[in-house]
Amino acid sequence: MFPKYDVIVVGAGHAGCEAAHAAAKMGSSVLLCTMNMNTIAQMSCNPAMGGVAKGQIVREIDALGGLSGIISDKSMIQFRMLNRSKGPAMWSPRTQNDRMRFAEEWRLALEYTPNVDFWQEMITGLLIKNGAVCGVRTGIGIEIESKTVVLTNGTFLNGIIHIGEKQFGGGRTGEGAAKGITEQLVSLGLEAGRMKTGTPPRVDGRSLDYSKMEEQLGDEHPEKFSYLDSTSPLQTQRSCWITYTNKEVHQTLETGFDRSPMFNGRIQGLGPRYCPSIEDKINRFAERDRHQIFVEPEGWNTVEIYVNGFSTSLPEDVQYAAMRKIPGFEQAKMFRPGYAIEYDFFPPTQLKLTLETQAIPNLYFAGQINGTTGYEEAACQGLMAGINASLRVQEKEPLILKRSEAYIGVLIDDLITKGTEEPYRMFTSRAEFRLSLRQDNADLRLTALGHALGLASEERFEKMNSKKSETAKLVNDLKQKKFSPDAINAGLERLETATITEKISAEKLLKRPQLGIKELATLSDDLAEYLAKYPNEVIEQAEIQIKYESYLEKEQLMVEKLANMEDFKITPTFDYLSITALSNEGRQKLHKIRPETLGQASRISGVSPADLSILTVYLGR
């Protein structure tokens with residue numbers, strides 16, 4: 001009935017979709033297994049992509065040849081570049097998306113991807129031969145063979161949904177939990193844990209009074225995620241809205257605390273610290289009189305509204321009563337209540353940097369099964385797992401992105417080296433080289449890698465090279481372009497920056513914090529005419545490279561300084577337990593995590609500088 005596949009992907013959420021597409025695009029035969037073909041790429045929580053650090057990840061996925069950026073562009077209803085008032089390392093693109101169109105675009109993209117087959121059924125177990133995975137077993141007993149398997153089960157592994165005192169099995173509202181896989185993996189020696197996440201009520205937008213809220217418009221000149229020209233910025237956008245809770249809302253919520261699964265101990269899993277439930281917020285921050293609520297439309301044409309900031313597992317009657325005391329929600333009609341969900345995950349310290357499990361060859365994990373939260377974090381793991389599963393089948397060297405190369409590299413290294421005891425979320429502060437890892441230059445950093453894999457198209461590669469060469473030319477020309485005092489001093493005074501007494505290059509003027517390329521263009525008609533030939537992305541890139549040149553050079557020196565440690569490979573069979581000079585904790589941590597490089601070893605919590613010195617000596621021998 002089934003051929004033997006190169007890659008079987010279990011789960012069709014954000015991680016599974018990227019994994020299936022990447023492996024297939026690289027020439028592998030792929031079977032994508034899902035419990036429901038109608039919920040492929042479902043946005044289970046808020047209908048948005050990107051945000052702080054997450055937007056950088058979406059850009060990196062796009063640069064490598066993944067689809068999350070393109071799908072987001074095709075389904076967006078609003079675009080905002082967050083943190084524009086800060087430096088370019090902090091700029092983060094974010095889209096509000098049409099939930100139904102997002103899922104539809106992903107399904108159509110996968111259906112039109114050669115080498116991808118589909119199977120709708122629960123996967124209850126893995127086929128194991130000689131200690132390695134070699135396929136999957138379905139709920140009705142069908143065995144499907146493959147060379148590799150990628151598990152992207154999301155919140156479905158033994159999922160339990162909580163609403164007040166009610167609890168029932170499920171991986172998402174209206175969908176059943178997946179059973180069997182956790183128990184098998186534990187029997188094979190893997191360690192499992194429990195985590196939780198939550199979602200807010202959905203309401204009828206026709207019942208809200210927007211006059212009592214603050215309108216949140218999209219950018220005046222919206223951009224997009226994908227570097228390709230196949231998607232376009234929005235011409236019209238839908239607004240979001242902001243309102244606030246108040247003391248009365250908080251008091252009403254507190255009446256349900258005795259029936260809250262979070263406070264009465266029924267929920268054991270740890271929830272996301274940076275996206276807490278509303279009851280957690282008013283409990284932890286009791287001194288605050290109000291919390292922000294983002295009112296987000298679910299699409300272009302639907303009346304359904306996502307109440308961002310009101311995630312809760314309180315009884316539905318308490319949710320409803322409290323919500324109607326929020327300004328603008330006095331007459332709100334609820335479509336469905338919020339809920340919390342507990343699910344199984346596997347501590348990611350059990351993985352290799354390729355996302356392959358240490359204990360079971362040919363088995364890869366991606367997404368929430370690794371303890372992460374967020375679509376973007378899941379998608380980039382799926383992309384990397386799909387790439388490495390395909391490379392494994394082709395008997396080629398794996399792709400491991402370094403911390404200095406991509407936020408994706410930071411995320412995976414954090415997970416595997418440090419582990420996580422709560423749902424992991426990416427922040428710009430986690431990246432030590434964030435000035436180099438900007439959202440605007442992800443293509444310059446990663447597209448050549450994606451092209452070499454056969455994942456990024458020739459069109460994408462040529463566009464990146466054109467941007468690179470045009471930027472270099474513009475930077476060089478700005479160094480050569482000179483201004484005399486008579487020509488520009490009046491303009492400099494108008495721009496409220498110091499005048500000059502001798503000729504100065506455009507490049508040196510650009511280093512002034514008050515001046516950007518747009519301001520420089522007002523000083524000279526010739527320069528304005530010259531700059532008009534360049535696309536905005538090249539002008540922006542040149543400006544950043546000039547303004548932050550010294551900082552970028554310092555960061556690059558740091559990268560080079562650490563390169564020796566990052567490139568120093570450690571054999572997988574190295575016997576840490578035999579090195580008695582190591583501290584007990586260092587020896588145990590190294591033995592458990594089995595770092596692949598000396599650089600990774602240096603980042604393991606519990607491995608001291610003294611341990612690292614001793615390890616370096618033994619590795620040198």
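Annotation for Ile71 and Ala109: closest pair CD1-CB, 4.2 Å, computed over non-hydrogen atoms. The shortest non-hydrogen separation linking Leu217 to Arg80 is O-CD, 3.8 Å. Minimum interatomic distance between Pro47 and Gln96 (heavy atoms only, all atoms of both residues): O-NE2, 3.3 Å.
Side-chain contact between Arg438 and Trp91: absent, with no pair of heavy atoms (C-beta onward) separated by less than 4.5 Å. The side-chain heavy atoms of Thr597 and Asp567, taken from C-beta on, include no pair separated by under 4.5 Å. Taking 4.5 Å as the limit, every side-chain heavy atom of Thr349 sits out of range of all side-chain heavy atoms of Ile604. Put simply, the side chain of Asn441 does not reach to within 4.5 Å of the side chain of Ile544, judged on heavy atoms. Taking the side chain as every heavy atom from C-beta outward, Leu355 and Ile416 approach each other to under 4.5 Å. With a 4.5 Å cut-off on side-chain heavy atoms, Thr471 and Leu474 do not count as touching. Looking at Leu478 and Ile517, their side chains come closer than 4.5 Å, going by heavy atoms from C-beta outward. Between Phe79 and Gln237 there is a side-chain heavy-atom pair separated by less than 4.5 Å.
For Glu215 and Ser239, the side-chain atoms include at least one donor-acceptor pair closer than 3.5 Å. For Ser92 and Gln56, the side-chain atoms include at least one donor-acceptor pair closer than 3.5 Å. At a cut-off of 3.5 Å, with distance as the only test, a side-chain donor of Tyr424 or Asp414 sits close to an acceptor on the other residue. Of the N and O atoms on the side chains of Ser68 and Glu18, at least one donor lies less than 3.5 Å from an acceptor on the other residue. Between the side chains of Thr417 and Arg603, no donor N or O sits under 3.5 Å from an acceptor N or O. For Ser75 and Glu105, the side-chain atoms include no donor-acceptor pair closer than 3.5 Å. A donor and an acceptor atom, one from each side chain of Gln600 and Asp413, are nowhere located under 3.5 Å apart. For the residue pair Asp526 and Ser524, no side-chain donor N or O sits within less than 3.5 Å of a side-chain acceptor on the partner. Using modelled atom types and a 3.5 Å distance limit, the side chains of Thr231 and Asp73 yield a donor-acceptor pair.
For the pair Ser390 (side chain) and Gly386 (backbone), a donor-acceptor distance under 3.5 Å is absent. Side chain of Thr447 to backbone of Ala63: a donor-acceptor contact under 3.5 angstrom is found. Under the 3.5 Å distance criterion, the side-chain polar atoms of Thr420 are left unmatched by any main-chain donor or acceptor of Pro423. With hydrogens and angles ignored, the 3.5 Å screen pairs no side-chain donor or acceptor of Asp62 with any backbone N or O of Gly69. Using a distance-only test at 3.5 Å, with no hydrogens or angles considered, a donor-acceptor pair links the side chain of Glu519 to the main chain of Gly516. Under the 3.5 Å distance criterion, the side-chain polar atoms of Thr372 are matched with a main-chain donor or acceptor of Gly367. At distances below 3.5 Å, not a single donor-acceptor pair connects side-chain atoms of Gln394 with backbone N or O atoms of Gly27. Between the side chain of Lys547 and the backbone N or O of Leu510, at least one donor-acceptor pair lies under 3.5 Å. For the pair Glu555 (side chain) and Ser436 (backbone), a donor-acceptor distance under 3.5 Å is present. Looking at Asp219, its side chain does come within 3.5 Å of a backbone N or O of Met81 through a donor-acceptor pair.
Evaluation of the salt bridge (charged side-chain N to carboxylate O under 4.0 Å, His left out) test over residues 483-509, restricted to residues two or more places apart or in two chains, returns none.
Not counting sequence neighbours, the partners of Phe461 by the ring-ring contact (aromatic ring centres under 6.0 Å, His included) test are His451.
Taking 4.0 Å as the cut-off between side-chain N and carboxylate O, Arg84 and Glu223 count as a salt-bridged pair. A salt bridge links Glu537 with Lys463; the closest basic N to acidic carboxylate O contact falls under 4.0 Å. Ion pairing of Lys473 with Asp477 is present here, as a side-chain N (NZ or NE/NH1/NH2) and a carboxylate O approach within less than 4.0 Å. Lys518 has no carboxylate O lying under 4.0 Å from a charged side-chain N of Glu543, or vice versa, which leaves the two without a salt bridge. Using a 4.0 Å cut-off between charged nitrogen and carboxylate oxygen, Asp98 and Arg238 do not count as a salt-bridge pair.
Ring geometry for Trp106 versus His21: interplanar angle over 60°, hence perpendicular rather than tilted (30 to 60°). In this pair, Tyr530 and Tyr534 present their aromatic rings perpendicular. The plane angle is above 60°, beyond the 30 to 60° band.
Atom OG in Ser608 sits 10.5 Å away from atom CG in Leu615 (nearest 0.5 Å).
With Phe433 as the aromatic partner, Arg403 does not meet the cation-pi criteria of under 6.0 angstrom to the ring centre and within 45 degrees of the ring axis.
The side-chain hydrogen bond (donor to acceptor under 3.5 Å, both in side chains) test with Glu377 singles out one residue from Arg425, His14, Lys54, and that residue is Lys54.
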